[in-house]
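Only one structure is covered here, and it is reproduced in the block below.
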Amino acid sequence: MASISLLAFTYSSLIIHFTPYQVSAWGHYHLTQGFASLPLNSSNLVIQKPYNVPVDQRSSFKNGYNKLWVFSTDKPHSVTSRTNPRTEIRITGYDYSSGVWQFEAYGYIPNGTSGVCIMQVFGASQHATTLMLRVYNGSLSYYRGAVIVRNIYNRWFKLNVIHDVDKSKVKVFINGILKYVARGRGGTSHYFKCGVYAQDDASYYMESRWKNIKILKKCD
């Protein structure tokens, strides 16, 4: 499998309760079975950051991981945008409208980062996104709703998000274990993003770190 570290509806959902069979069936060994890992290079991974600062003032690459940070007082990513401050890796070249797609990476959220989206599936019919994974006071949550994982701070975790467009379903795995299933939210075009994107009640400083990013597509 190819991988790269770079520089640079309604809210209806279903919380999954696990059995040993489910963990085995959806464990990390099987997550990418039947998927093709797509080639990534720097042209596929575009960093969106406050428009008035250079990229190296909001992102860095060292020790094998990408560090992205933003302040709640920062500008948006373009002069015309009215969105909140962000420093995100936007996956380009793999926008999709059908099929089954998967995002895989290792993430790290330092203590104190809160009120922030760290990963999203962009695109929906009545909303901007199909999925947002947010951090509030150390807990990883689905938007500002159900808590997916508590005590996420200061540790590397493996994140897999599988989006089945045709079945309108999104699955979230942490460290190879299925943690959450949500309904899709429609839309005709989607793509993946990760980083820090300020939400309500954002901390002044927000940071996330990412390594071994992969994009996979289920084989036909």
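For clarity, every value in this text was computed on a predicted model and none was experimentally measured. What you see below is based on every heavy atom in this structure, not just the backbone, and it leaves out hydrogens, waters and symmetry mates.
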Is there a path of hydrophobic side-chain contacts, each under 4.5 Å between heavy atoms, that joins F173 and F35?
yes

With sequence neighbours left out, the residues meeting ring pair (Phe, Tyr, Trp, His ring centres under 6.0 Å) with Y191 are F122

Got a donor-acceptor contact below 3.5 angstrom from the S114 side chain to the N137 backbone?
yes

Side chains of V100 and I162: closer than 4.5 Å at any heavy-atom pair?
yes

At their closest point, which heavy atom of Q102 faces which heavy atom of N160, and how far apart are they?
OE1-ND2, 2.8 Å

According to a 4.5 Å side-chain heavy-atom criterion applied to Ile, Leu, Val, Met, Phe, Trp and Tyr, with indirect links allowed, do Y205 and V116 form part of one hydrophobic cluster?
no

Hey, do the aromatic rings of W156 and Y65 have their centres closer than 6.0 Å?
yes

Pair E104, T32 - check side chain to side chain contact (heavy atoms under 4.5 Å, CB included), show working.
CA-CA 9 Å; E104 177 180 288; T32 58; 3.6 Å; yes

Hphob cluster co-occupancy, Y96 + I215, side-chain heavy atoms under 4.5 angstrom:
yes

Okay, side chain of W69, backbone of T87: is any donor-acceptor separation there less than 3.5 Å?
no

Can you check side chain to side chain contact (heavy atoms under 4.5 Å, CB included) on I89 and L68, steps first, answer last?
CA-CA 9 Å; I89 297 169; L68 304 107; 3.8 Å; yes

Is the ring centre of Y143 less than 6.0 Å from the ring centre of Y136?
no

Please check if the side chain of N44 supplies one atom and the backbone of T92 the other of a donor-acceptor pair under 3.5 Å.
yes

With rounding to the nearest 0.5 angstrom, report the CD1 to NZ distance, I177 to K158.
11.5 Å

Taking R90 first and then D95, would you say they form a salt bridge - that is, a charged N and a carboxylate O separated by under 4.0 Å?
yes

Is it true that E88 and R86 have a side-chain N and a carboxylate O under 4.0 angstrom from each other?
yes

Quick one: closest heavy-atom pair of F157 and Y108, and the distance?
CE2-N, 3.9 Å

V135 reachable from F71 in the ILVMFWY side-chain graph, under 4.5 Å edges:
no

At what distance, to the nearest 0.5 angstrom, does CD1 of I91 lie from CZ of F192?
8.5 Å

Only counting residues at least two apart or in another chain, list the ones meeting salt bridge (Lys or Arg N to Asp or Glu O under 4.0 Å) with D164.
none

Where does the angle between the aromatic ring planes of H163 and H190 fall among parallel (under 30°), tilted (30 to 60°) and perpendicular (over 60°)?
perpendicular

What heavy-atom pair brings N154 and N111 nearest, and what distance separates the two atoms?
OD1-N, 2.9 Å

R185 side chain vs S125 backbone, donor-acceptor pair below 3.5 Å:
no

State, without any angle test, whether Q48 and K193 hold a side-chain donor-acceptor pair at a distance under 3.5 Å.
yes

Going by side-chain hydrogen bond (donor to acceptor under 3.5 Å, both in side chains), name the residues that satisfy it together with S141, two or more places apart in sequence or in a different chain.
none

Would you name the heavy atoms of L133 and V161 that are closest together and state the gap between them?
CD1-CG2, 4.3 Å

Could you tell me if the side chain of V170 sits less than 4.5 Å from the side chain of Y180, heavy atoms only?
no

Heavy-atom nearest pair, A182 first then Y142, reads CB-CE1, 3.6 Å

Give a yes or no on this: more than 12 heavy atoms of other residues, nucleotides or ligands lie within 6.0 Å of atom OH of Y106.
no

Looking at G138, is its backbone amide N or carbonyl O close enough to the side chain of Y153 to form a donor-acceptor pair, meaning the two atoms are under 3.5 Å apart?
yes

Hydrophobic cluster (4.5 angstrom, side-chain heavy atoms) - remaining members for Y51:
V79

The reported gap from SG in C117 to CZ in R134 (rounded to nearest 0.5 angstrom) is 7.0 Å

Start with the C-alpha gap between I118 and E207, add the side-chain angles, then the distance that decides, and say whether side chain to side chain contact (heavy atoms under 4.5 Å, CB included) holds.
CA-CA 9 Å; I118 63 161; E207 177 190 322; over 6 Å; no

Would you say S81's side chain and H77's backbone share a donor-acceptor pair under 3.5 angstrom?
no

Qualifying residues under salt bridge (Lys or Arg N to Asp or Glu O under 4.0 Å), relative to K75, sequence neighbours excluded
none

Calculate, to the nearest 0.5 Å, the distance between atoms OG and CE belonging to S72 and M206 respectively.
5.0 Å

Quick one: CD1 on I152 to CG on L159, what's the gap to the nearest 0.5 Å?
9.0 Å

Looking at CD of Q120 and SG of C194, how far apart are the two atoms once the value is rounded to the nearest 0.5 Å?
10.0 Å

Quick one: are I213 and F103 in side-chain contact, heavy atoms under 4.5 Å?
yes

Scan side-chain atoms only and decide if Q199 and Y197 contain a donor-acceptor pair under the 3.5 Å cut-off.
no

Test your reading of the model: is there a side-chain donor-acceptor pair from T130 to the backbone of V121, 3.5 Å cut-off?
no

Considering non-hydrogen atoms only, spot the tightest contact between L31 and G176 and give its length.
CD1-CA, 4.0 Å

Suppose the criterion is salt bridge (charged side-chain N to carboxylate O under 4.0 Å, His left out): which pairs have a residue in residues 53-68, not counting sequence neighbours?
R58-D74

